[in-house]
Amino acid sequence: MIKRNQLVLGNKSLKQITEDIVAPLERLPSKGWLGMFLSAKALFLFYIIAIAIVVSTGMGLLGVNHPVGWGTMIITFVFWIGIGHAGTLISAVLFLFRQKWRTSVARTAEAMTVFAVMTAGLFPLMHTGRPWLDFWLFPYPNQRGPLWVNFRSPLLWDVFAVSTYATVSMVFWYIGLVPDFATIRDRAKNNIRRIVYGALSLGWRGTAKNWSHYEMLYLLLAGLSTPLVLSVHTIVSFDFAVSNLPGWHTTIFPPYFVAGAIFSGFGMVVTLMTLVRIGFPEFKDYVTIDHMEVMNKIIMTTGLMVGYAYGSEFFIAWYSGNAYERYAFINRAMGPYAWSYWIMISCNVIIPQLFWFRKFRRSIPVMFVVSIFVNIGMWFERFVITVTSLHRDFMPSNWGMYAWSRYDTAILVGSFGMFLTLFLLYLRLFPAISIAEVKPVKNVGYEGGHH
Amino acid sequence: MASWKYGMAGIFETEESIIKAAYKTREMGFKNFEAISPYPIHGMEEACAIKRSWIPYVTFGAALVGLFGGLALTYWTSAVDWAINVGGKPFFSLPAFIPIMFELTILFAALSSVGALFYACGMPKIDPPIIDKDLTCSKFAIFIPNDDNGYDESKISEMFRALGASEVKKAEF
Amino acid sequence: MSETHNENTSAANTPASVRDTKYWMSLEQWGGDPEFQKLAETEFMSSPLREGAENEGQDGWARREFLKLMGASLAMATAGCIRRPVQKIVPYNKQPEEVTHGVSNFYTSTWSDGVETFGLLVKSREGRPTKVEGNPNHALSKGGLSARAQAHILSLYDPERLQGPKRNLQNKERTNRDTISAKWEDIDAAAVKQLKKGGVVVLTGNLTSPATRAVVSDFCQGFKAQHVVWEPLAHDEIREGQKAAFGDDVVPYYRFDEAKVIVSVDADFLGTWIAPTTFTKQFAEGRKNPKTMSKLVVFDSAYSLTGANADIRVRIKPSQQLDVLMGLAHDIVVTKAFGKYAGNSSVKAALEPFANVAGKLAISKEAWQKLVEDLIHHKGKSLVVAGGLQTKTEWAHEVQLAANFLNAALGNDGNTVDAKIPLTSAKASNKELMGLIEDLNAGKVKTVIIHKTNPIYSAANSGFASALKKAEMVFYTGDRIDETGKQADYMIPDNHSMEAWGDSESYKDVISLQQPTIRPMYDTRSVQLSLMTWAFMAETGPKRLTTPETFYDYLRNFWRDELHPKFGKGKSFEDFWEDALQSGAIGVASLDKPSSERTFKVEALSAVKPVKASGMELVLHPTSMFMDGTLSNVSWLNELPEPVTKVVWDNYASVSIKTAESMKIAQGDVLEVKVGESTLQVPALIQPGMHDDVVAIAVGYGRTAGGKVTNGVGSNAYQLVQFGKAGAVYSGAKASVTKTSLKTKLATTQTHHTMEGRKIVAEATLNEYVKDEAANNHKHKIWSIWSGHQYNGNKWGMAIDLNTCTGCSACMVACQSENNITVVGKKYVLEGREMHWIRIDRYYVGTPEDAHTVFQPVMCQHCDNAPCETVCPVLATVHSSEGLNDMVYNRCVGTRYCSNNCPYKVRRFNWFNYAKLIEKPMHLALNPEVTVRPRGVMEKCTFCTHRIKEARVKSRVENRELKDGDIKVACEQSCPTGAITFGDMNDPNSRVAKIFNEDKRAYALLEEFHAAPSVRYMTKIRNNDKGGETSSHGGGHS
Amino acid sequence: MQGKMQTERPSKLGKILSSSKGAGTVFVTLVCLAMVTLTGCRSEFMEKLGWGSFGYNQGYAPTQPIAFDHSLHVGQNQIQCQYCHNQVERSKSSNIPALSTCMNCHLVIRNKPGTNEPSPEIAKLVDAYTEGKSIEWVKVHMLPDHAHFNHSAHLAKGVNCQTCHGPVETMKKVYQYSNLSMGWCVNCHRQPENKAPLNCSTCHH
């Protein structure tokens, strides 16, 4: 049995742990937090206005056109959905693998998932020509015959996948929060706090019977979320893979998208966690440098997977002998949108290679910068897939370019406003680390970590 | 758990002592006592002789419902109720329906499991009595309701003290 | 579809069948109807001969009622997004007999753009024309209709039309200070007073109407007036050439259908020259059957539509036109010593200087030799044509002589060139215009009446504007205060041709009748009536001018006296008139009269000397959409891509790739073109297949007072025309081209020009085709994993013959007019948002220097395995039981997934609420049968499903089966070459079924993709003597 | 040790909700409500409840400029529908008769039915006719947007007016009889014996 690194530093008592973690909830917001929150809020409002203008005037305001029918909105949708995946992965998959280190990051990662999915979920609804009729995408009985929906359309699969994913991950997250809410309830100094968190805790009382059911449910949800999270990005990839454009119609998409999702997701987790560690120093003992290193390892691994996917795409395009397919990929790397392709390659494949070196894996500034690059790179991956495949397909007569407009920029930037607003609120109002989950592992690494 | 019970509660400081206490309490012949802890404790199930949770059966059942519900929905709407020729594909194109069926399976399973938990733990509870504020933070407790057989306040408090309880009190739970 | 009918139905048959016999109605059938009396009066409402008062009332009532009715039927056509507003139904007060609400009537009529005349069928709904189609009875256009002829319906509903007579208050510079409304009565008074002073000139464009010509000549006779005919696209050079060569001043009739070898020197007869639609029809006739197809050799100085359809296209500069013709003449007459002029010494002398010019041209020795042999071999069955603005050079006269000589030498004159059927309408002459300008400056002219021509715009460089200021009073009949209107004292707006009676004759004895299809919308008056009125009030002129009350009467008298004896064939006049109205045209037979050969005046040839030229040469040319620019305010034509360059909403200076490289010109760089004293700034277009010394610019653009749509579109190339005593020089002038620092964007509907080696347009040479009918038509082995669906009953399909399609784009406008397709404007075309349901793809093949062109009309292919349907989440696009790919606008939420997934990219999305932009009364041109699409929905070609439905309902009401040809979709109907065939694939005898099953040239676009489209294309055959390689081999096999 | 109770009394609502049975009932009722609203959308079911015209104009009976009485003309006087709506057999839309058609009879008939005092309604008609005005009738049957309906086709198939327009011969004032919803159209087109097309483009183009 190998000696484990300590998961919680400074041999804390149960009380200390509780106090450390709930500290951000019980003190007044710091200037830094306030500043970030207000700017995020402003961005969010800007986002709402931009959407309002686009929806009321018409999709024509965005760069989408003929032949490039999908643009920023779909790209950013896939981007955010991808971000979401790391959360579920950490909380569910690593839980199944009994990875104890997950406990301290799981909560925040899940929160990220929930907010990312919320941000993403809006896009498919907004990007339609007549968003006010989006409810037609759901199979409900109606007075048109009734006229149902087309279950063969990948977009409909999306509707089911994304809404299921949103629901389940939200439930999963909330169930995890329940005992911690109880803790906060019991620490509450004033009545309002007690009532609010009391309500949120659903009257949790932590008897042994409860705990045994609770742990079973947690295990089940983890078991359900794992295939779910894989299915969601698989289905998102079907939007492209099941259609028949050269560059979209490829069988490698599902695994490639999932890997990419995890890749970008961990990128985002690292970005956020480095910030959280700065914002709330007391978390440094729980989200240790070891945690960060493990995640960086995952980033590097998945980065390699994605790189492999890029490579094999090209190989298959050449090997298939399909002229359209070949052209599509040559066009990606050498065509008018080559720049976006090479941004993608350098951000997703080259830069993460830094993490071969332990020194960089454990350096907060380095990992922060790299994670940012990863996020940029992954957005561009979706840009490359969506736009470069559409803008030159079968018939050269209707090849064209994407007409990027300032509304595209507004929508893209604005979506970050929405995400950050939610996330910052979460940091202040919810325990950012799972209290009940950290306590059992507080001794790991102190007495040779039996358990 | 329609309404709250009265009884004796012993507060303990450490994980080890609470487990010991749980064993002892059971040996004393108490049946429906509660062991309360801020986090799930390894070995508490044996200590209190709690049977494995039945929630998985609910999950499985719900999953099946979701699966076949999905199949039924897709089949009925696209092949029976109003069969429309879409892209020359067969009316009942099963491969295309699998994602739907899968997602419904997961959804039903997950939600009804949570429902089951709520049922099992009687949640949501509004404003349940609390024996000690620290029980969700750093302390542990055993609560023996007064309707349990062989309920005797003096004997119980004596036992709790012997087990090293930091505090023994009459409580509502 | 045979179900038992109850008596209701059988009763329903009668009116229907009655309607059928009177397929094309005439307003005459309103005869007994009081409604018609009213119309007859109100049509000429402001005739002083009409006893006034209550008519005003009636007339006022009439228009109100008319518009109300429109309102109602429109509410049904374009139900908006708001849920159920209260709608009113306004029935007639007195039911006009033949108006059935919700059923279209067809009226025969005619339209002419000054040179070519079209027989029309005007489709009318509740008294408003909604579409114009070709009238098969017309001997020349034979049902074909050019893009412009179809688009001219929008000029009727142009919101900027003058709504009544106006008076321009002139300042002392005689430019318009202010415009006030005037009364017809006052104008008439003023006019008569002025006319009596004498010195009257009637300046008109080409008048195709014999009756109108008669009115004008009567008027001139009455007032001792002079009639001057001028318009920019005059054919005076041809007439002069004919005069010099044969002594008769005519524009002869050409027989492209008879010719086996056609040599065109800059005569764009498929696009813009004389009668393009007629010629296109003939040309297609000669090529329908590839085995016997004719051969077209084009020497092209701009990349014309004709050049694009050439089997062999040779790029030249204007100064080489003469070399080509005389060179051919030399090699035929001198070298090969062929024909009756062989050995004639003076001819020999004249031709000598042009020995071995072939070397100077971009054509191989062999090809040239082959051409010479072909011409000789097909003596009497070949045709040499030269003309158009491109040949209006200083040596235009010689070019015509040379062309005429070649035809004479080859014995074509009298066979493929028929001088017995001259183009009677083509009287325009630049000499006359220069004469008029002189007289004006000399102060000889007191009054000018300008009709159907806009010289201040189209003779911008001639000094006409300043000369016109010398005239005391100017009357202008235009429908708006345009460039010329600004300088007119009185605007006396003419009726729109759809509002007035008239007739039209382009080539001699082919006459069609123009009957009004809508009551005049505004207080306008036909110009003929104006002239008649003035003559009447001045009590001058022949009786036939002053006695009739209306031009309608004049017209009937004219027909009774002039035409009935000639064409009546013993019929009573009433029958004759009735038949003429029913069939729309007369004089069909006359075309087949065998003509006779004329003798060429050889001495004329001696005047022909080689042209010395160097440096850049200017080429001005019209475009098939804009021609001289009169209809340039019609938005459809602005957004109709130029067939070859695919540019919309602009004109440009085409330069060759090499020239562009040497001058560092990029597409869209603004060039400054200087010719003589005049300069013009115009963006550059880098055009393959151009001669390096040529800069080609289209005329007809750059209107300044043409209307909201056209003002500021392009720049006015007429400014570069050099006017002189001899006439006008449009092309061949030495041009200096400099690149300015300015840049603009040229909007094109196609940005990529090669097929990337994919099999999209299959092309084979004639030799290959003769060897193997399926040449270059590579078939794929395809299998499906599904059994697929059965299509019992009808299964609609379409076949398109790429060998006869000339890319004229008439179908695009037809579709636009039929399906209420919106126009988006330059900005959005640049963003790839044009809305055409049918587009014509143009690819260049061969080397960039002399690129050949192939055209391919692409619309929704209605695939059986439609990829678009599978991905639509809401079932907004699904397959019908008749193999149609239905698009349901009101179910569409607009995910645009279908468009992404369509390999042909034929779907169009409503990015904005375009319907809101339809300005009144433009909405009257909408087709009530087709939904006006709201914002945010996808749309595309429906195979005119409403026409299918209409035909089926008709057949069912008449209790019979649908038969092949019952349904003609809009594009098919309008195609002058009949390249498009539509029908039922399940009916083994239908034309489409035969093509689908038997024709070896038929292939499905992207067949290997197995979307199983319901459209077949047929290989294009190029008759260019090559045996082997064409660049459209193989392509994407997957 | 002090025996002091240090816990708060739970509230009443608390009692209900805290009982798992209570929570269960709430949940179940919610689900049932959802089911009802969904199935409720099935038009047949709605009609049973009498909500058939929900969101549709069923029963819409606007006041017309002239109180034309179908029960009198069709019911009592037995005038064929096609006498006035004479274009219905050859047109997609059934025409409202021109005033000239009305005047065929009303040149002579000017009185209230069965009396000999003149009818004001007929007077309106006659005035309008003589002044050459038109009557602005209020449209009763309005199809949903973008749906095309063809009267002649249905007549040719032997559908009679009452099938869709209801007992017009008994209507003193015309009202919308059917709800004209898409489901209503489709349910008839679906019947195999009608051999009617079910393609989208049958009505939407």
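Sequence lines set the chain letters: A, B, ... in the order given, protein chains first and strands last, and positions in each chain run from 1.
- Ring geometry for D:H151 against D:F149 counts as perpendicular: the plane angle is over 60°, on a 0 to 90° scale with 30° as the lower cut.
- Considering C:K954, C:K949, C:R960 as possible partners of C:D966, the one that fulfils the salt bridge (Lys or Arg N to Asp or Glu O under 4.0 Å) test is C:R960.
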Pair D:H165-D:H141, ring-ring contact (aromatic ring centres under 6.0 Å, His included): steps then yes or no: CA-CA 9 Å; D:H165 291 287; D:H141 297 86; 4.5 Å; yes
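- At a heavy-atom separation below 4.5 angstrom, chain C is approached by no residue within residues 104-115 of chain D.
- Using a 4.5 Å cut-off between heavy atoms, D:A128 touches chain C through its backbone atoms (N, CA, C, O) alone.
- Among D:V138, D:L99, D:I135, D:N86, the residue making the largest number of heavy-atom pairs under 4.5 Å with chain C is D:L99.
- Under the 3.5 Å distance criterion, the side-chain polar atoms of D:N150 are matched with a main-chain donor or acceptor of D:S152.
- For the pair D:S94 (side chain) and D:H85 (backbone), a donor-acceptor distance under 3.5 Å is absent.
- When heavy atoms are compared at a cutoff of 4.5 Å, D:P62 does not approach chain C at all.
- Annotation: ring pair (Phe, Tyr, Trp, His ring centres under 6.0 Å) contacts of D:Y83 (sequence neighbours excluded): none.
- In this structure C:N890 satisfies the side chain to side chain contact (heavy atoms under 4.5 Å, CB included) test together with C:V888, D:H146, D:H204, sequence neighbours excluded.
- Proximity to chain D is absent for every atom of C:T942, based on heavy atoms less than 4.5 angstrom apart.
- In this structure, the portion of D:T202 lying under 4.5 Å from any heavy atom of chain C is its backbone and not its side chain.
- Per-residue counts of heavy-atom pairs under 4.5 Å with chain D were compared for C:C944, C:S880, C:G793; the largest is that of C:S880.
- By the 30° and 60° cut-offs, the orientation of the rings of C:F982 relative to C:F943 is perpendicular.
- Every side chain to side chain contact (heavy atoms under 4.5 Å, CB included) that D:S71 has, sequence neighbours left out, goes to D:D69, D:K172.
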